[in-house]
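Encoded as structure tokens, the structure appears first; notes follow it.
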Amino acid sequence: MNSNNNFLDIKKILKILPHRYPFLLIDKILDFKTFHYLKALKNCTINEPFFQGHFPKEPIFPGVLLIEAMNQAAAILIYQSTGILNINKLYYFVGIEHARFKKNVIPGDQIFIEVIYLQKRKNLIKFKVFITVNNKIVNNQKVCHATILFYKKINFK
């Protein structure tokens, strides 16, 4: 049992995110501070369904799913910061800037995702997100980094 109050296990994550296997890409929240940052973990195993076709002789975690994992981590930070879990007040991923992939992620790797809250303007929230593998920066570079944007759905009811 983790004594950190800012730790979320998979049971708590399932209560926050609507995603389910095979599309749930966050295994654990290691730490967070509302409206500041969040650190998440995804364990990458050969049992992931996409490895059968991406690529059979040299399995690589798809970059688009790394982006999705970053978005899911940011969505958890939004919920933990606002406490809003309401279908009429959803935040939607609407943009990405400066996404760069520096290293392949392969089965057996642990993907660490760090989300940093940057700003909120009207209905947009902006985050800086980094991914490292096995909690190490390889060649002084992050595996992936990007700036992502979320838009708050306006409730017309």
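Quantities reported herein were computed from a predicted structural model and do not represent experimental measurements. Positions are given from 1 along the sequence.
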Do Lys103's NZ or CZ and the ring of Phe101 fall within the cation-pi criteria of under 6.0 Å and 45°?
->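 Judged by the rule, Lys103 and Phe101 form no cation-pi pair.
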
Supply the atom-to-atom distance [X] [atom1] to [Y] [atom2], rounded to the nearest 0.5 angstrom.
X	Y	atom1	atom2	value
Ile125	Leu118	CD1	CG	11.0 Å
Ile76	Lys12	CD1	NZ	12.5 Å
Ile16	Ile29	CD1	CD1	7.5 Å
Asp27	Asn43	CG	CG	5.0 Å
Phe23	Glu68	CZ	CD	4.0 Å
Tyr37	Glu114	OH	CD	9.0 Å

Decide yes or no for [X] and [Y]: does some side-chain heavy atom of the first lie under 4.5 Å from some side-chain heavy atom of the second?
X	Y	value
Leu38	Lys33	no
Lys42	Phe61	yes
Leu41	Ile111	no
Lys28	Leu30	yes
Cys44	Val105	yes

Distance-minimising heavy-atom pair for [X] and [Y]:
X	Y	value
Ile26	Ala69	CD1-O, 3.5 Å
Met70	Val115	O-CG2, 4.4 Å
Pro59	Pro107	O-CD, 3.7 Å

Decide if atom CZ of Arg20 counts as having more than 12 heavy atoms of other residues, nucleotides or ligands within a radius under 6.0 Å.
->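 Above 12, so yes.
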
For Glu58, does the CD atom have more than 12 heavy-atom neighbours from other residues, nucleotides or ligands under 6.0 Å away?
-> no

Given side chain to side chain donor-acceptor pair (under 3.5 Å), test Gln110 with Asn134 step by step and report yes or no.
-> CA-CA 5 Å; Gln110 284 192 308; Asn134 300 328; over 6 Å; no

Does [X] share a hydrophobic cluster with [Y], counting links as ILVMFWY side-chain heavy atoms below 4.5 Å and allowing steps through other members?
X	Y	result
Ile46	Val133	yes
Leu25	Ile106	no
Phe93	Val64	yes
Phe50	Ile60	no

Starting from the C-alpha separation in whole Å, work towards a yes-or-no answer on side chain to side chain contact (heavy atoms under 4.5 Å, CB included) for Asp31 and Phe7.
-> CA-CA 5 Å; Asp31 192 19; Phe7 169 88; over 6 Å; no

Taking it one step at a time, do Leu77 and Phe35 satisfy side chain to side chain contact (heavy atoms under 4.5 Å, CB included)?
-> CA-CA 7 Å; Leu77 180 57; Phe35 294 108; over 6 Å; no

Quick one: does Ser81's side chain have a donor or acceptor within less than 3.5 Å of a partner on Thr34's backbone?
->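 Here the side-chain-to-backbone pair does not exist.
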
After noting the C-alpha distance and the side-chain angles of His36 and Tyr117, does the key distance pass the side chain to side chain contact (heavy atoms under 4.5 Å, CB included) rule?
-> CA-CA 5 Å; His36 285 86; Tyr117 178 92; 5.6 Å; no

Strictly under 6.0 Å, is that where the ring centroids of Phe112 and Phe130 end up?
->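 For Phe112 and Phe130, the ring centres are not under 6.0 Å apart.
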
Ion pair present between Glu97 and Lys126, side-chain N to carboxylate O less than 4.0 angstrom?
->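 Yes, this pair counts.
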
